[in-house]
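Sequence lines set the chain letters: A, B, ... in the order given, protein chains first and strands last, and positions in each chain run from 1.
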2 protein chains.
Amino acid sequence: MRVKPPCPALFSATPFGGMVRRRARAHGEVMDRTAPIGKPRRGDAQDAPPHGATVAHIVDGLRCDILAHRLQPGERLIESALTKRFSVSRGPVREALRRLAAEGLIEHAPHRGAVVRRLSPRDIGELFQIRVEMEALAARLAALSPDEAARARFVEEIAPIFADAPRRMESYLDENAAFHLSVLRLAGNAHLQELSARLRLPLIMAQVGDALTTEVMRASVSEHRAIAKAIVEGDAEAAAAAARAHLERAAALAVARREADAEPPPSRRA
Amino acid sequence: MRVKPPCPALFSATPFGGMVRRRARAHGEVMDRTAPIGKPRRGDAQDAPPHGATVAHIVDGLRCDILAHRLQPGERLIESALTKRFSVSRGPVREALRRLAAEGLIEHAPHRGAVVRRLSPRDIGELFQIRVEMEALAARLAALSPDEAARARFVEEIAPIFADAPRRMESYLDENAAFHLSVLRLAGNAHLQELSARLRLPLIMAQVGDALTTEVMRASVSEHRAIAKAIVEGDAEAAAAAARAHLERAAALAVARREADAEPPPSRRA
DNA sequence: AGCCTTGATATTGTCCTACAATCTTAAAGG
DNA sequence: CCTTTAAGATTGTAGGACAATATCAAGGCT
């Protein structure tokens, strides 16, 4: 068997199991709270998932494959094939597919099955329009947070972004995800956090690395610092504006990249 | 079997079947057009859900019951009971429950089953914080829409809100939903529309009518007019501000109502 | 040739039964 | 009264079966 990419934490960092925040102690969910980073959970690969976690196992596996482009947009996900791959029956497979559809990673048409979602430039633009507002709101709320302990934790968490080490794409992606997550946590709106994670997921799918030049990353880091500074200083409007600027730049980049990607064949109509 | 309330259009008006917007023509339509080939299968429980629409049928039924408070928050949804009620097997029932969980109408804990979601005042506040931004965004986008045909349609659709007839609660709720939907349509962001509908759903659940006094309704209608006016005039910032004000007032009302609802019994612990 | 019909095949939607794992509740014991 | 244990209820998953529908290839038609 080949080496399995560990599926970065950000990929699995979607606490989306049906909107249960309280009393979430059963099964593997405790991990979400106690070990938000790293930690290869036991039985991560395709071994036997503990009873009750079969669906989560399949979801994680497929989500990881999709985000890592091992499954390409438009590719079909056949139930019978998945039952064999994961050695489970069709029930859990169908449930996993539905959850992925709810996360926006696949599309599902009746009697036609599920395919990996293909984001049009328009989709990307629309999703970013929403994300801009969500992140701006998060930044504003974070700046206004009166919870001193949480603020201190935030300062500690975001320290890495002030390091001047040259960043690799991979570590930048992690840093980026961690930063946004920290902001969302400080904002203190659990639903916003969940929603934001969900909006980000499909976009990660589209945002492959080849558009992430060194300059882009440097600009992004700089913008992160501006957001962080405003939040720490408690300047809500500046934080929101900085977040907005950050996201809008990212959006422009993503859309441009997608359009450039789709332009070459001139015999196509969107 | 008692008379079944028709489940107002706004309840079912959630186009949320897994994020498929294009190519959504299959199923129910064909049957409606070509006239049934002539077999009322198991026309027993409610009606005959055509093959492939079983899940949707269950989802609609349950959603309707939840929003109409025939199922109260905290009430358990037992799979076996639902199989009997809808005369279906557990498969579709489980799928329906998962969809409702994705819509935020029920909570689902492993091995413990599904219960109708109970929104805390905090939940309501958080959800409204998000909705404020979404509706403000929608208003801004609507004001900026360059599609003249869509603008004309919008003007036509929202005409009713300028009528001075005294409103009943029921008709007001419909008008309110229709207005927001019109704005979202004009905004032209399909994902925003979908997301907004999803956020509204759980809130409808909490927003029972007894807080809707005549003055509140009048104020709301007036705010709608302000939003509409700004949109029609193309004043994006004014539209966004008006939408924000409208939603923030609604949020304050909803939270206050919920807190007042939960305060009285001081000898209770959730 | 191109278009429509027809069939074969693949896949999904649903049903059924069965059993293991787990939660909940009530009884038994300290 | 509290803790432990047993029984019942409910969910999670397996596996097989069949119907309904979509997809696709071959054949007949204008």
Side-chain angles (χ1 to χ4, degrees), chain A residues 17-18 20 22-30 43 46-59 74-101 106-115, chain B residues 17-18 20 22-34 36-42 44-45 48-59 74-101 106-115:
Chain A
V20 272
R22 40 188 171 265
R23 302 201 63 181
R25 60 170 180 72
H27 288 289
E29 297 184 2
V30 279
Q46 353 256 61
D47 348 75
H51 183 88
T54 310
V55 175
H57 178 237
I58 304 170
V59 168
E75 198 162 338
R76 292 186 65 180
L77 297 172
I78 309 291
E79 292 179 1
S80 56
L82 297 177
T83 61
K84 280 181 229 155
R85 166 176 167 190
F86 290 101
S87 304
V88 295
S89 63
R90 272 180 71 199
V93 165
R94 289 173 64 84
E95 173 163 350
L97 291 178
R98 271 173 248 121
R99 283 203 202 162
L100 289 170
I106 67 177
E107 295 180 4
H108 190 245
H111 283 288
R112 214 170 299 156
V115 301
Chain B
V20 270
R22 40 190 170 260
R23 305 200 61 178
R25 56 158 185 78
H27 281 293
E29 278 191 16
V30 280
M31 301 212 166
D32 292 340
R33 279 197 308 204
T34 65
I37 311 292
K39 15 180 188 185
R41 355 195 111 72
R42 47 193 192 283
D44 169 48
H51 183 90
T54 309
V55 175
H57 178 238
I58 304 170
V59 169
E75 196 163 338
R76 292 188 63 183
L77 297 172
I78 310 288
E79 293 179 0
S80 56
L82 297 177
T83 61
K84 281 179 225 152
R85 167 175 167 191
F86 290 101
S87 304
V88 296
S89 63
R90 274 178 70 200
V93 166
R94 287 173 66 83
E95 174 162 350
L97 291 179
R98 267 170 249 125
R99 283 203 202 163
L100 289 170
I106 68 178
E107 295 180 2
H108 190 245
H111 284 287
R112 213 170 299 157
V115 301

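Nucleotide C:dC15 holds its C1' atom 17 Å from the NE2 atom of B:H57, rounded to whole Å. As rounded to whole Å, 7 Å separates atom C1' of C:dT22 from atom NE2 of A:H51. D:dG12 atom P lies 8 Å from atom CZ of B:R98, rounded to whole Å. Between the P atom of D:dG12 and the CD atom of B:E95 lies a distance of 14 Å, rounded to the nearest Å. Whole-Å rounding puts the B:H111 NE2 to C:dC19 P distance at 19 Å. In this structure, A:L97 atom CG and C:dT11 atom C1' are separated by 13 Å, rounded to whole Å. When the C1' atom of D:dT11 is taken as reference, atom CD1 of B:I106 falls 13 Å away, rounded to whole Å. C:dC15 atom P lies 12 Å from atom CZ of B:F86, rounded to whole Å.
The side chain to side chain contact (heavy atoms under 4.5 Å, CB included) check on B:A96 picks up B:V55, B:I58, B:V59, with sequence neighbours excluded. Contacts of B:R76 classified as salt bridge (Lys or Arg N to Asp or Glu O under 4.0 Å), with partners at least two apart in sequence or in another chain: none.
Contact detail for B:P92 and B:T54: the closest heavy-atom pair is CB-CG2, 4.0 Å. Considering all non-hydrogen atoms of both residues, B:T83 and B:R90 come closest at CG2-CG, 3.6 Å.
B:E95 CD to B:L97 CG: the interatomic distance, rounded to the nearest 0.5 Å, is 10.0 Å. Atoms CG and CG, from B:L77 and B:L82 in turn, are 6.0 Å apart once rounded to the nearest 0.5 Å.
Contact annotation for A:I58: no contact, since no heavy-atom pair falls under 4.0 Å across all strands.
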What's touching nucleotides 15-17 of chain D from the protein side, N or O pairs under 3.5 Å?
from	atom 1	to	atom 2	distance (Å)
D:dA17	N6	A:R90	NH1	3.4

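Listed candidates were C:dT12, D:dA14, D:dA22. Nearest to the side chain of A:I78 is C:dT12. Side-chain proximity of B:P92 to the nucleotides D:dG12, D:dT13, C:dT14 is greatest for C:dT14.
The phosphate of D:dG12 (OP1 or OP2) has no side-chain N or O of A:T54 nearer than 4.0 angstrom. Remark: A:R94 is in phosphate contact with C:dG13, judged by side-chain N or O atoms under 4.0 Å from OP1 or OP2.
Two residues are said to be in side-chain contact when any heavy atoms from C-beta on lie closer than 4.5 Å; B:H51 and A:H111 meet this criterion.
Residue order along DNA chain C, read from the 5' end via each residue's closest nucleotide, puts B:G91 first among B:R76 and B:G91.
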